[in-house]
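Basis for what follows: all heavy atoms, side chains included, without hydrogens, waters or symmetry-related copies. Here, residue 1 is the first one in the sequence, and each next residue gets the next number.
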Amino acid sequence: MVLNCLPGIDRHKLRDTLLRLGFDAANLASGHHSGEAYAWLLSYLEWTTDAVRALRGLVSSEDINRLVLTRRYELLLTGSFAGSDQRIAAFKEAQSAVEACIRKWGNGEEVFVVVDTNVYLHHRDPVEQLDFAALVARDGAPVHVLVPMMVVDELDNQKNRGKSDPQRRARDTLKTLERVCGNSTGPGPLQRQAPLMDDVGWLRGAVTIEIVPDPPAHHRLPIEDDEIVARTSALQPLAGRPITVINWDRGMTIRARNAGLSVVQIPDQLQQQPPSSGNRAARGV
C-alpha cells in the first residue's frame, strides 16, 4: 500500500500517527465484546473523529475515506457493528507500508529522481546509459530513479504503435525495467559506480531504479503531466528528501516548480528525436 502523502509532511510523524490510531482501533475492538453496544458506538465515533483530524494534514482525502470513512463506518451509524477488524488491518497495512519506505529509502546520500516519459522515449541515450551524474549528482552521489505507474502505462501505450524510434525505445525501456526489477517493482541496480574519465576525476555514482505503484483506489488526474507531478509530490515526504524531476518540457518544468519540486530540464541537443509540438500524444507519449 502506498499512501498519497501531502507535501511537506514528516514520514516519521505519519508512521507514528498510523501506529497510534491502529492501536486505538484494536483497543476499541476488544471493548466491543465486553461493553454496552451504545457506549461502544460512541467510542467508535470519537475514534473516527480523532482519526480524521489526525490524518487530515498528512494524507489525501482518498486515503482518509479508505482508512476511516468507509462503507463499514456508514453501517455502524445505522447499528451494524461489523467491520472493526478490517479497520485494524487497514491501519496496520498502512503503517507497515510507511515503515517499509523509511527502512528501504533510509537517510542515505542517494539523489532521488523521477524521469518524465518523454526522456525515456527521446533522449539520445537509453535509460541504462543516461548520465545521471552529469544531470543531478556531479559529486558522484548514487542516484535512485522512481518510476510512477503513470510513466509505465505511457510506455506501454507507446510500445506497439509502430516501429519508429520512440516506439522501439518504449519497448527497450520496459524490457530494462523488467530485467532490473525482476518479478517485483524493485529497487534494482541500473548502473554500477564508475569513474568518469576526464580531468576532474569524480565518480559516477551507482544508479538504482524502482517502479512505484499507484495507491489503492487512486483516481488519476486527467492531464498526464499533472499526474506525474502529483505522484512525485506525494512520494517526496516518504523519501525523506527532495525528488528532482528530469524532463525537457517547459510545461512539466513549470508544473513541477509550482509543486515545490526540484527540476532539471535537459538541453534540446541531447534529444535523439525531438518530440513534435502539441499534447503528449502528438509528442510521442
- Item | Pairwise side-chain contact, L14 with C5, heavy-atom cut-off 4.5 Å (strictly under) | yes

- Item | Residue from V114, I211, I209 passing side chain to side chain contact (heavy atoms under 4.5 Å, CB included) with V145 | I209

- Does the side-chain contact (heavy atoms from CB on, under 4.5 Å) test come out yes or no for I228 and M252, once each step is laid out? CA-CA 9 Å; I228 293 172; M252 172 68 86; 4.1 Å; yes

- Over all heavy atoms of both residues, which pair between M150 and E224 is shortest? Give the atoms and the distance, please. CE-CG, 3.9 Å

- Task: Walk me through it: do E227 and H218 pass the test side-chain hydrogen bond (donor to acceptor under 3.5 Å, both in side chains)?
- Result: CA-CA 11 Å; E227 174 64 19; H218 174 61; 2.8 Å; yes

- Message: Quick one: does any side-chain atom of R56 pair with a main-chain N or O of A54 as donor and acceptor, under 3.5 Å?
- Response: no

- Item | Heavy-atom neighbours of K13 NZ exceed 12 at 6.0 Å | no

- Item | V127 vs V115 side-chain heavy atoms within contact, under 4.5 Å | no

- Taking N157 for the side chain and D153 for the main chain, is one N or O donor matched with an acceptor at less than 3.5 Å? yes

- Note on the structure: V180 and P189 have their tightest heavy-atom pair at CG1-O, 3.2 Å

- Mind checking whether R255 and D226 have side chains closer than 4.5 Å, heavy atoms only? yes

- Do the side chains of V143 and V264 join up, straight or via other hydrophobic residues, at under 4.5 Å, putting them in one cluster? yes

- Message: Taking the side chain as everything from C-beta on, heavy atoms only, tell me whether I102 gets closer than 4.5 Å to R15.
- Response: yes

- Note on the structure: Shortest non-hydrogen pair, L155 vs L121, comes out as CD2-CD2, 3.8 Å

- Shared ILVMFWY cluster between V263 and L135, side chains joined below 4.5 angstrom? no

- Which value, rounded to the nearest 0.5 Å, describes the distance between S60 atom OG and L6 atom CG? 7.0 Å

- Task: Taking D116 for its side chain and V119 for its backbone only, find out whether a donor-acceptor pair lies under 3.5 Å.
- Result: no

- Message: According to a hydrophobic-cluster definition based on side-chain heavy atoms being under 4.5 Å apart (Ile, Leu, Val, Met, Phe, Trp, Tyr only), do I9 and V212 belong together?
- Response: yes

- Report the distance from atom CZ of R53 to atom OG1 of T17, rounding to the nearest 0.5 Å. 13.0 Å

- Query: Given side chains that start at C-beta, do those of V152 and M149 come closer than 4.5 Å, heavy atoms only?
  - Reply: yes

- Message: So L55 and L21, do their side chains get closer than 4.5 Å, heavy atoms only?
- Response: yes

- Query: What heavy-atom pair brings R169 and R124 nearest, and what distance separates the two atoms?
  - Reply: NH2-O, 3.8 Å

- Message: Would you compute the distance between atom NZ of K175 and atom CG of L177 and round it to the nearest 0.5 angstrom?
- Response: 12.5 Å

- Item | Note, D63 side chain near V68 side chain (heavy atom, < 4.5 Å) | no

- Would you say D249's side chain and G251's backbone share a donor-acceptor pair under 3.5 angstrom? no

- In Å, rounded to the nearest 0.5 Å, how long is the span from CG of D172 to CG of D165? 10.0 Å

- Which atom of R231 lies closest to which atom of P148, heavy atoms considered: CB-CB, 4.4 Å

- Task: Answer yes or no: is there a side-chain heavy-atom contact under 4.5 Å between I246 and V136?
- Result: yes

- Task: Report yes or no: do L19 and V59 belong to one cluster of Ile/Leu/Val/Met/Phe/Trp/Tyr joined by side chain heavy-atom distances under 4.5 Å?
- Result: no

- Will you find, in the side chains of E210 and H144, an N or O donor that is under 3.5 Å from an N or O acceptor? yes

- Task: Apply the test side-chain contact (heavy atoms from CB on, under 4.5 Å) to residues R66 and L3: give CA-CA distance (whole Å), side-chain angles for both, the deciding distance (0.1 Å), then the verdict.
- Result: CA-CA 10 Å; R66 178 166 49 85; L3 296 172; 3.6 Å; yes

- Query: Just how far is it from atom CZ of R168 to atom OG1 of T173, taken to the nearest 0.5 Å?
  - Reply: 9.5 Å

- Rounded to the nearest 0.5 Å, how far apart are CD of Q236 and OG1 of T244? 8.5 Å

- Task: Determine, stepwise, if the pair F23 / W47 fulfils ring pair (Phe, Tyr, Trp, His ring centres under 6.0 Å).
- Result: CA-CA 11 Å; F23 181 77; W47 174 86; over 10 Å; no

- Got a donor-acceptor contact below 3.5 angstrom from the E154 side chain to the T117 backbone? no

- Message: For the backbone of E128 and the side chain of Q191, can you confirm whether one donor and one acceptor N or O come within less than 3.5 Å of each other?
- Response: yes

- Task: Would you check if the side chain of R171 reaches a backbone N or O of K159 as a donor-acceptor pair within less than 3.5 Å?
- Result: yes

- Query: Do you know the tightest heavy-atom contact between L190 and F132?
  - Reply: CD2-CE1, 4.3 Å

- Message: side-chain contact (heavy atoms from CB on, under 4.5 Å), that's the test. Do L146 and W105 meet it? Break it down for me.
- Response: CA-CA 11 Å; L146 300 176; W105 292 337; 3.9 Å; yes

